[in-house]
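In the text below, chain A, chain B and the rest are named by the order of the sequence lines, each starting its count at 1.
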Amino acid sequence: MPLTRRQFLSGAALAATAASVAGCADWMAGLDEKPPVTPAGLPPTPGSVTPAATSAAGMPAVLPTPAAMPPPSAAALLLSRMTFGPRPGDVEQVAGLGLDKYIEQQLNPDAIDDGKMVKLLATFPTLSMGLHDLIDTYPQPKPQAKPDPKATPAPAATPVPGATPGRPARPPRPPGPGAVMQELQEATLVRAIYSERQLYEVMVDFWTNHINIYMDSGVIRWAKTVDDREVIRKHALGNFKAMLTASAKSPAMLEYLNNRESVKGKPNENYAREIMELHTLGVDGGYTYTDIQNVARAFTGWTIAPPRAALLFGDGYVFNPRTHDDDEKTVLGVKLPKGGGESDGLKVIDLLCDHPSTAKYLATKLVRRFVSDTPPPALVDKVAAAYTQTKGDIKPMLRVILQSGELRASFGRKVRRPLEYVAGVMRALDVQIDPADADILRAVMTNLGQPLFLWHTPDGYPDEAAAWINTNGMLARWNIALNLAIAGARGIKADVRAPTTASGAKTAEQVVDFWLDRLLHRGMAAGDRQRLVSYLTDGAANFALNELVLRVKVPGLVALILSSPDYQYR
Amino acid sequence: MSVTLSRRTLLKSGIIALGALSWPAWMPRIAFAAPDAAPKGDTLVCVFQRGGMDGLNAVVPHGEAAYYAARDSLAIPQPKAGNPASAIDLNGFFGLHPNLRPFKELYDAQKLAIIDAVGSPDPTHSHFDAMDFMERGTPGEKAIPTGWLARHLQVMAGDNQSPFRAVGMGSIVQAALRGPVPATALQSIAQFHLNGNAQEVAKIQSGLASLYQGDDFVDVQGTTTLQAMDLLSRITASKYEPANGAKYPDTGFGKSLMAVAQLIKAELGVEVACVDIGGWDTHAGEGGADGGELPRLLSEFAQGIHAFYMDMGDRMNRTTIVSMSEFGRRLQENNSKGTDHGHGNVMFVMGGNIRGGQVYGDWPGLARDKLYGPGDLAITTDFRDVLGEIVKNRLGNAKLDAIFPGYKDYKFRNLTTPLTAQNVLPHPAELAARMAAPVGG
């Protein structure tokens with residue numbers, strides 16, 4: 001009897017008949033009985049899937065809030081936005097301290113003791129080195145003939161000192177600039193996870209993407225480390241104009257957006273376009289193609305000192321008057337008189353930073369980062385006003401956002417991007433690692449689609465849910481949770497047993513509630529909580545926190561919570 | 001009334017949860033290939049050569065003296081018998097780069113068409129803008145946020161609910177696929193599963209299926225992931241062996257193409273797939289006939305597409321591959337034995353219903369007064385002419401105004417055979433044979 005597709009798809013039929021129909025060609029031939037395809041191949045009606053609103057990235061801009069998710073406390077929500085995720089005990093501590101006090105503490109990172117970072121970062125000597133030191137110490141290896149694939153495989157790398165038996169050795173650093181790049185990626189992860197100056201690290205990530213530089217190209221492979229230190233980290237909570245000025249002179253930026261080769265008569269428009277479109281005014285910020293051309297002319301001669309001239313010119317940026325277009329130019333309606341020299345570029349930076357479009361554009365991006373994929377306009381206006389009043393100070397903008405009612409009411413409006421997921425999971429489970437094992441986390445970031453400093457285009461990694469919550473990303477997140485909670489990789493494994501036994505939880509419900517509170521800092525919808533209990537008990541009526549449960553089921557429960565829809569929100 | 005197979009239905013009926021244990025190996029192909037969900041036309045595979053391929057060295061205008069004058073170190077010699085480093089002649093004027101030799105067979109079999117002096121009319125020489133314009137299908141226009149393939153899928157929305165309806169090979173879906181129709185980002189078929197102790201992982205997986213039941217964005221993506229995982233587990237039981245001796249290059253590009261072939265052969269409802277091959281930004285050390293970045297990439301590119309052709313066998317009759325790159329490169333080689341960003345370029349179109357064996361387009365010439373902007377090959381065919389013709393003739397979607405909004409003056413080159421009832425559906429006997437064959441073979 002031929003099954004109709006409907007019967008077939010009704011599940012019950014499938015389970016019952018699956019075994020018996022395998023290989024039954026007659027039965028399967030019934031599938032092609034009535035193909036209602038029109039000659040033109042068009043469906044009867046065109047698709048009607050139209051999102052109510054789409055963002056600039058072409059994605060649904062509104063993230064629907066799952067109605068059933070119980071909201072977190074104000075302290076938990078604030079921590080989930082201004083840090084890479086609370087550690088055990090953080091929420092209680094901040095609630096006790098008071099939210100405003102915590103905000104002020106975090107706005108003054110220099111006053112926060114972060115001594116342990118010094119020790120953790122000692123593993124990464126390149127972080128403090130200058131450009132030419134880096135190039136000299138990590139020279140580009142001579143190109144070698146491609147290894148013959150038929151040749152016998154190279155012997156396994158010699159074990160790294162300190163490797164313990166039975167524990168896979170760390171892969172050796174690649175020769176040359178590869179090591180410099182890896183250290184920057186790993187140090188960034190270590191800082192995101194372990195620094196006490198969490199808001200500062202969150203802002204470092206924000207500006208890294210706002211003034212994005214793809215690292216794996218030419219001199220940038222060494223110079224991004226300098227850019228990270230002297231542009232991004234130096235000004236992350238300082239003044240925007242100071243940061244932009246430093247960026248305009250940063251060798252990494254001069255190389256990335258081609259200003260180094262922009263000369264009189266043949267200006268390269270790449271940087272001119274992006275400094276307006278992406279760094280300051282925004283694409284609709286009110287500039288013309290003529291402005292792009294003239295900004296490019298203003299920045300001609302801003303270049304990188306030739307390596308051999310470093311003694312004369314210092315370590316990186318140099319202004320070359322001979323390649324500068326010194327004729328008069330007009331930018332955004334303002335005349336830059338003939339003979340301005342290097343000051344042409346500086347005046348352009350002034351014009352751009354003082355422009356109301358810049359205030360609005362930066363405010364929008366910051367509100368999107370901290371509050372919602374669809375930034376509330378009233379809050380954007382207040383943040384923009386703070387920028388304008390202080391001529392570009394970053395802290396006052398953040399203070400407005402962090403104290404706002406809009407943030408307090410915004411649960412469910414942001415998801416974790418990969419960095420926030422990885423750092424958040426590590427912090428929530430309080431996993432302590434040897435920084436030399438951070439290469440594992442670096443690889444995890446690649447799996448998740450966010451290898452650090454490797455976004456090609458100058459717009460930086462997207463900050464909207466739809467760019468990140470996709471099949472590949474979901475699966476990678478689930479596997480990270482499984483690895484961390486159950487399998488463990490080299491030195492990276494969460495201890496879920498000790499907190500469970502220390503919690504005093506006895507029943508399955510108590511164990512689930514303990515871990516929900518520890519990981520989500522709130523409850524789950526009743527049905528979902530019950531599903532977690534069912535997983536933990538394997539459906540059995542009797543539950544005891546025995547060895548098997550501690551070894552298998554509790555780690556599985558933790559992985560399940562970290563993999564749940566609830567945990568993807570921050 | 002048509003039957004809609006929604007992932008929600010699947011979940012609620014418990015199929016997903018049961019599936020991993022009880023579905024027979026041939027299940028995926030019929031799960032989504034039932035009559036009312038049959039793809040309307042070809043499966044389209046889009047290959048994006050990121051960085052700006054040097055089309056002038058890929059398809060060499062060996063009849064142009066200006067080409068040889070401008071490229072002292074990089075020019076590919078005129079075709080000459082016995083010289084393996086010379087161009088492979090196509091029609092007395094154009095020739096293939098020697099490392100595109102696998103294309104010669106496809107060209108001679110009339111399965112491969114070449115379009116020359118083609119590209120995006122926007123003057124930008126920025127990779128970002130040019131890629132963006134091409135992937136969104138809107139040169140010079142940034143206000144339309146969705147990708148051209150996403151809009152095509154939206155117009156063609158029917159009953160195909162497969163998570164593999166649109167596949168972007170890689171960790172993030174390509175801009176061409178971004179839009180309201182969910183696309184699956186896939187790095188590897190074999191790796192697309194949960195890791196760990198099989199028994200416990202199966203329980204965690206059912207746990208996940210029970211938690212991801214909502215209709216919000218995160219839940220839907222999670223459900224799609226679970227569904228994709230279930231379907232893929234069906235085709236990863238044994239190692240995939242390409243058919244007909246096809247040998248894919250052992251690179252990201254080769255593996256991606258092989259994965260696409262595997263998905264298509266498993267009848268998982270693939271309508272469009274995007275595959276990237278990067279590294280074409282050859283400002284320095286480009287290489288002429290051999291020993292540089294471009295020759296290496298051209299080998300990988302041609303071998304990959306040739307392997308896909310071999311592997312797909314008769315299914316090529318329902319498949320079209322099109323390649324594109326954001327811009328071509330300058331005619332004059334630079335001081336670093338490379339080439340800078342240019343304008344006009346080459347597109348390759350391959351498939352069972354492509355009128356191959358020809359170089360299409362109007363050759364503008366390389367004389368100084370024929371060049372575009374700073375010395376680039378001019379464009380005489382808009383890339384939307386090529387894509388539009390494929391969409392209309394091979395994908396059966398006539399609503400070009402929704403896909404390339406604002407574009408009117410299509411110059412179809414007639415490089416495709418229009419869909420007919422005969423070439424839309426496989427012959428019933430073929431279908432039956434295909435159903436009976438082992439999965440993945």
Inset, instruction - Mind ranking B/G196, B/G222, B/P374, B/A228 by heavy-atom pairs under 4.5 Å with chain A and telling me who comes out on top? - result: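 Most pairs with chain A among the choices: B/G222.
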Inset, instruction - May I ask you to decide if the ring planes of A/Y421 and A/Y567 are parallel, tilted or perpendicular, using 30° and 60° as cut-offs? - result: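 Aromatic pair A/Y421/A/Y567 classed perpendicular.
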Toward chain B, the part of [X] with a non-hydrogen atom under 4.5 Å:
X      : value
A/L257 : side chain
A/R273 : side chain
A/E277 : side chain
A/D566 : neither
A/L557 : neither
A/E274 : side chain

Legend entry - Structural part of B/N197 lying under 4.5 Å from a heavy atom of chain A: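 For B/N197, there is no contact with chain A at all, as no heavy atom is under 4.5 Å.
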Inset, instruction - Tell me, for B/M131 versus chain A, whether the close heavy atoms (under 4.5 Å) come from the side chain, the backbone, both or neither. - result: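 Neither part, no heavy atoms under 4.5 Å.
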Using a strict threshold of under 4.0 Å (side-chain N to carboxylate O), is an ion pair present between [Y] and [X]?
X      : Y      : value
B/E135 : B/R50  : yes
B/E141 : B/R136 : no
A/D373 : A/R413 : no

Inset, instruction - Quick one: which of A/L475, A/N470, A/D528, A/L560 has the most heavy-atom pairs under 4.5 Å with chain B, could you say? - result: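 Among the listed options, the one with the most contacts to chain B is A/L475.
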Legend entry - Pick from A/I469, A/N447, A/T446 with the largest number of heavy-atom pairs that fall under 4.5 Å of chain B: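 So the answer, after comparing A/I469, A/N447, A/T446, is A/I469.
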Legend entry - More than 12 heavy atoms of other groups within 6.0 Å of B/D250 CG: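 Counting neighbours around CG of B/D250, 12 or fewer heavy atoms of other residues, nucleotides or ligands fall under 6.0 Å, so no.
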Inset, instruction - Please say whether the positively charged group of A/R416, taken as NZ for Lys or CZ for Arg, lies over the ring of A/Y569, i.e. under 6.0 angstrom from the six-membered ring centre and within 45 degrees of the axis. - result: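 Judged by the rule, A/R416 and A/Y569 form no cation-pi pair.
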Legend entry - Short side-chain donor-acceptor distance under 3.5 Å, B/E271 and B/N160: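 Looking only at side-chain atoms, B/E271 and B/N160 do form a donor-acceptor pair, the distance falling under 3.5 Å.
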Legend entry - B/F192 ring center near A/W478 ring center (under 6.0 Å):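 Distance test on ring centres: not under 6.0 Å, no.
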